[in-house]
A.B. asks: 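Mind having a look at this structure? Questions to follow.
Computed from a predicted model, the values in this text were never measured in an experiment.
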Amino acid sequence: MNISDKSLLTPSEAAKLLHVAPTTIRHWAQIGRLPFITTPGGHRRFDKSDILSLMSQPSSNTKNDFSILIIEDDKEFADMLTQFLQSLFPQTKIKIAYSPFDAGDLLHTFKPDLVMLDLMMAGINGFSICHRIKSAPSTANIIVIAMTGLLTDDNVKRIVELGAETCFGKPLDFTLLQKTIEGFIEQKRPSI
């Protein structure tokens with residue numbers, strides 16, 4: 001049966017219609033952003049009219065004006081981090097650079113407000129990328145959050161001295177990451 005003929009949608013069908021990941025749909029259901037019914041078998045189903053009203057709503061009163069660039073050569077980790085951030089901050093634009101070359105291009109074309117930067121990548125380290133970001137006038141105001149599997153005092157000291165706001169160890173503390181990013185988004189919002 002075609003999605004357009006159905007009145008109740010599975011999480012996958014709802015995700016496809018909204019162009020988001022099924023994990024995002026599940027998250028929205030959990031936080032009450034998207035109403036659902038539960039089948040006798042315990043599965044969530046979403047009324048198509050609720051999905052359509054979500055599509056037609058303006059996202060929020062604030063403009064979609066915060067953007068995050070993830071610079072990470074571990075594709076699986078980068079994709080997982082993107083899904084997590086999209087579920088928490090659906091109004092935020094997020095892009096991934098899987099290589100330093102992509103990063104250089106996206107820093108100037110995408111113009112992110114915040115960069116999530118892996119310190120240890122094949123071919124180049126995050127320290128030199130952070131130095132380039134912070135030393136160029138066109139990118140110096142970008143917030144940098146470093147991430148590393150080698151969280152040592154020396155690495156943290158070095159990256160912060162290069163201009164990063166903070167450095168998280170991997171595996172990431174997602175609660176702390178969420179609070180940190182929320183703080184940066186609040187700082188960027190214009191005062192009313």
Side-chain angles (χ1 to χ4, degrees), residues 19-21 24 27 58-192:
H19 300 284
V20 296
T24 301
H27 177 72
S59 303
S60 74
N61 294 342
T62 60
K63 289 182 184 166
N64 187 0
D65 63 354
F66 197 82
S67 55
I68 299 173
L69 174 61
I70 298 169
I71 304 174
E72 168 66 69
D73 63 351
D74 179 337
K75 186 176 185 321
E76 194 174 305
F77 178 79
D79 293 346
M80 180 272 307
L81 181 57
T82 300
Q83 282 192 357
F84 171 76
L85 294 174
Q86 284 174 333
S87 71
L88 291 176
F89 308 108
Q91 310 310 320
T92 299
K93 294 175 276 186
I94 301 172
K95 293 205 179 213
I96 304 172
Y98 297 110
S99 74
F101 305 107
D102 294 340
D105 183 42
L106 285 169
L107 282 167
H108 297 287
T109 57
F110 181 53
K111 298 182 169 124
D113 296 298
L114 184 146
V115 166
M116 298 280 307
L117 175 63
D118 183 22
L119 289 186
M120 309 296 170
M121 291 180 282
I124 193 165
N125 66 52
F127 298 103
S128 59
I129 293 173
C130 184
H131 176 70
R132 287 181 196 165
I133 290 170
K134 292 299 187 175
S135 60
S138 61
T139 57
N141 291 331
I142 295 173
I143 299 159
V144 176
I145 296 177
M147 310 175 286
T148 182
L150 283 167
L151 190 66
T152 65
D153 290 342
D154 286 345
N155 281 345
V156 172
K157 183 175 185 276
R158 186 173 163 206
I159 197 67
V160 169
E161 284 174 353
L162 288 170
E165 273 61 31
T166 189
C167 184
F168 284 91
K170 290 181 182 177
L172 296 175
D173 177 337
F174 286 109
T175 305
L176 183 57
L177 179 62
Q178 177 183 355
K179 287 180 184 164
T180 303
I181 293 174
E182 282 170 352
F184 291 130
I185 291 172
E186 280 303 313
Q187 286 175 13
K188 188 174 187 285
R189 281 205 180 114
S191 302
I192 298 172

A.B. asks: If you measure from CD1 on Ile143 to CG on Leu114, what distance do you get to the nearest 0.5 Å?
C.D. replies: 5.0 Å
A.B. asks: Quick check for you: to the nearest 0.5 Å, what is the distance between Ile159 atom CD1 and Ile129 atom CD1?
C.D. replies: 9.0 Å
A.B. asks: Counting heavy atoms not belonging to Lys170, are there more than 12 under 6.0 Å from its NZ?
C.D. replies: yes
A.B. asks: Which ring-ring contact (aromatic ring centres under 6.0 Å, His included) pairs, counting each pair once, include a residue from residues 77-100, with sequence neighbours left out?
C.D. replies: Phe84-Phe174
A.B. asks: Is any side-chain heavy atom of Glu72 less than 4.5 Å from a side-chain heavy atom of Leu81?
C.D. replies: no
A.B. asks: Can you find a pair of side-chain heavy atoms, one from Thr180 and one from Leu176, that are under 4.5 Å apart?
C.D. replies: yes
A.B. asks: Just wondering, do Asp74 and Glu76 contact through their side chains at under 4.5 Å, heavy atoms?
C.D. replies: yes
A.B. asks: Where do Lys93 and Phe110 come nearest, in terms of heavy atoms and distance?
C.D. replies: O-CZ, 3.7 Å
A.B. asks: Nearest 0.5 Å please: distance from the CG atom of Leu177 over to the CE atom of Met116.
C.D. replies: 4.5 Å
A.B. asks: How close do Asp73 and Asp118 get, heavy atom to heavy atom, and via which atoms?
C.D. replies: OD1-OD2, 3.6 Å
A.B. asks: Using side-chain heavy atoms (C-beta onward) and a distance below 4.5 Å, is Met120 in contact with Phe127?
C.D. replies: yes
A.B. asks: Return all side-chain donor-acceptor pairs below 3.5 angstrom for residues 161-169, not counting sequence neighbours, or 'none' if the list is empty.
C.D. replies:
residue	atom	partner	partner atom	Å
Glu161	OE2	Lys157	NZ	3.0
Glu165	OE1	Val144	N	2.8

A.B. asks: Any chance you could measure Gln86, atom CD, to Ile94, atom CD1, to the nearest 0.5 Å?
C.D. replies: 4.5 Å
A.B. asks: Could you go through the salt bridge (charged side-chain N to carboxylate O under 4.0 Å, His left out) check for Arg158 and Asp154 one step at a time?
C.D. replies: CA-CA 6 Å; Arg158 186 173 163 206; Asp154 286 345; over 6 Å; no
A.B. asks: Donor-acceptor pair, distance only, cut-off 3.5 Å: does the side chain of Asn125 make one with the backbone of Ser128?
C.D. replies: yes
A.B. asks: Leu117 and side chain to side chain contact (heavy atoms under 4.5 Å, CB included): which partner among Ile71, Ile145, Leu69?
C.D. replies: Ile71
A.B. asks: Please, which pairs that meet salt bridge (charged side-chain N to carboxylate O under 4.0 Å, His left out) have at least one residue in residues 98-117, sequence neighbours excluded?
C.D. replies: Asp113-Lys188
A.B. asks: Looking at CZ of Phe66 and OG1 of Thr92, how far apart are the two atoms once the value is rounded to the nearest 0.5 Å?
C.D. replies: 6.5 Å
A.B. asks: With rounding to the nearest 0.5 Å, note down the distance linking NZ in Lys95 to CG in Leu107.
C.D. replies: 12.5 Å
A.B. asks: In the structure I gave you, are the side-chain heavy atoms of Ile68 and Val115 within less than 4.5 Å of one another anywhere?
C.D. replies: no
A.B. asks: Please name the pair of heavy atoms, one in Ser67 and one in Pro112, separated by the smallest distance, quoted to 0.1 Å.
C.D. replies: OG-CA, 3.2 Å
